[in-house]
Amino acid sequence: MSRIPFSPVTINWTLTFRCNFNCRHCYSRPEKAPELPTEQVKEIMAKVAKYKVPFINYGGGEPLLRSDLFELTSYATCLGFNVSMNTNGFLMTREKAALAGESGFKTVGISIDSTRPEVHDDFRNIKGSHKKAVSAAKFLKEQGVRLTISSVICRINHTEFEDLVRQARDLGAEQISLHNYKCAGMGFTNKDELDLSPAEWKEFYLKAIALREKATDIRISMDDPITATIHKAPEQAIVKGSTCGKLSLNIRANGDVTPCGFIPVVIGNLLTDDLKDLWDHSNVLEKMRNKKPKEKCLTCKHYEDCLGGCTARAYATTGDFNSPDPHCWVAK
Amino acid sequence: MRNIRRNPDIIWREEEEARDEALRAMERGDDASGEGTVLLVESGMMHQLNLLGGEIWKLLDGIDEERLVDTLAMTFDIDRETLSMDVRDFLIDIDGRGWLVHE
């Protein structure tokens, strides 16, 4: 695409930073922000709807801890949004799964990081959490809610992703998202223990892309710009490099806007600022959309396709959007 | 002749700024075929349509092919035969992707 879309295509929305889990990789665990009351969240939703943003995805924080979650979703659906969420599933009941369907959730994503319950429970620091996540998936399927599974790829599961795909398929998920590990929040604190080496990332992606191309009954999603160095998509991507700030923005629990959940740089607040004004005029977004190669990227033949890889990882580890992605395996 | 509709499962929106720019380029006689004027999302994949594709897409709410070409001929200064072929090629392409419903 020759230009950035006129407004975000997806808003990732942290309705709350509260969480009933304490996961070892969590980007948002150390974050604190006052939570907006229902009416102010609705006020922001109405402002965002003015710019025809088609998708809202609640992340977090655990969305099910918001007692007004389904009220907000009904409201958002009436405004024309396609609403989805990511949840650990622990608080999902049959009744809440029914409410998820009634309120208009287009899909609900359940986080499951291993097929082995003890590994998942240890990673998520909650005993019984795998069992609850599987139950949540079943409740959602019973109620006819479209299901996706999210798995954060890291040291505990990178050689077992085929089992994760199989588990997701068995649960009836339409898609499994194999999320790349982000060095943000607890993910930064625990990166030496959990993150993979660049060579391991390359090996994982080569195998996962091969599996994705064979999979016909489930979509395997891997949204990581460094895969452009080993795989040419069949159709040209709408934008190259990281999509945050180009196709998506993040809203925090207090209405602050950041380019993505993993980049804690506030560019405005939607209680007082206009979304389109931020989208068109933020200096931070401008820098992210017009990255300049540095270090090994300066001479890399893949730069025009990957644009330096994940901007969030580069920023988390060096404080510079333009630094090469620390996951990048391409030699200097 | 059967009427054609967009597959309702596909989420889409018009990129108004890009469309305006593409129309201006067309008026100047410049090539605007690379400008994405409609974004659509299907099964988690994002796609874009250029000006002609986008204008066809917007009209697909229960319309037959001949009426579609008649309507487009009011916007596009292309001979009727070429326009008909372009429309036919586009419809075949998106039908193959499952983006259409035939009534």
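Letters A, B, ... mirror the listed sequences (proteins, then strands); counts begin at 1.
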Which residue, R13(B), E15(B), E17(B), forms the side chain to side chain donor-acceptor pair (under 3.5 Å) with S7(A)?
R13(B)

For the residue pair I238(A) and H47(B), what are the closest heavy atoms and their distance?
CD1-C, 3.6 Å

E81(B) CD: over 12 foreign heavy atoms closer than 6.0 Å
no

For the OG atom of S43(B) and the CD atom of Q175(A), what is their distance to the nearest 0.5 Å?
9.0 Å

Return the CD1 to CZ distance between I11(B) and F81(A), rounded to the nearest 0.5 Å.
13.0 Å

Close side-chain approach of V41(B) to P54(A), heavy-atom, < 4.5 Å
no

Take atom CZ of R212(A) as the centre, draw a 6.0 Å sphere, and report whether it contains more than 12 heavy atoms from other residues, nucleotides or ligands.
yes

Crowding at CD, E304(A) (>12 non-hydrogen neighbours, <6.0 Å)
no

Apply salt bridge (Lys or Arg N to Asp or Glu O under 4.0 Å) to residues R3(A) and E35(B) and explain how you reach the verdict.
CA-CA 8 Å; R3(A) 64 177 68 236; E35(B) 191 84 52; 2.6 Å; yes

Salt bridge check, E16(B) against K52(A): does any charged N sit closer than 4.0 Å to a carboxylate O?
yes

Are there more than 12 heavy atoms of other residues, nucleotides or ligands under 6.0 Å from atom NZ of K106(A)?
yes

Does CG in D79(B) sit with more than 12 non-hydrogen atoms of other residues, nucleotides or ligands closer than 6.0 Å?
yes

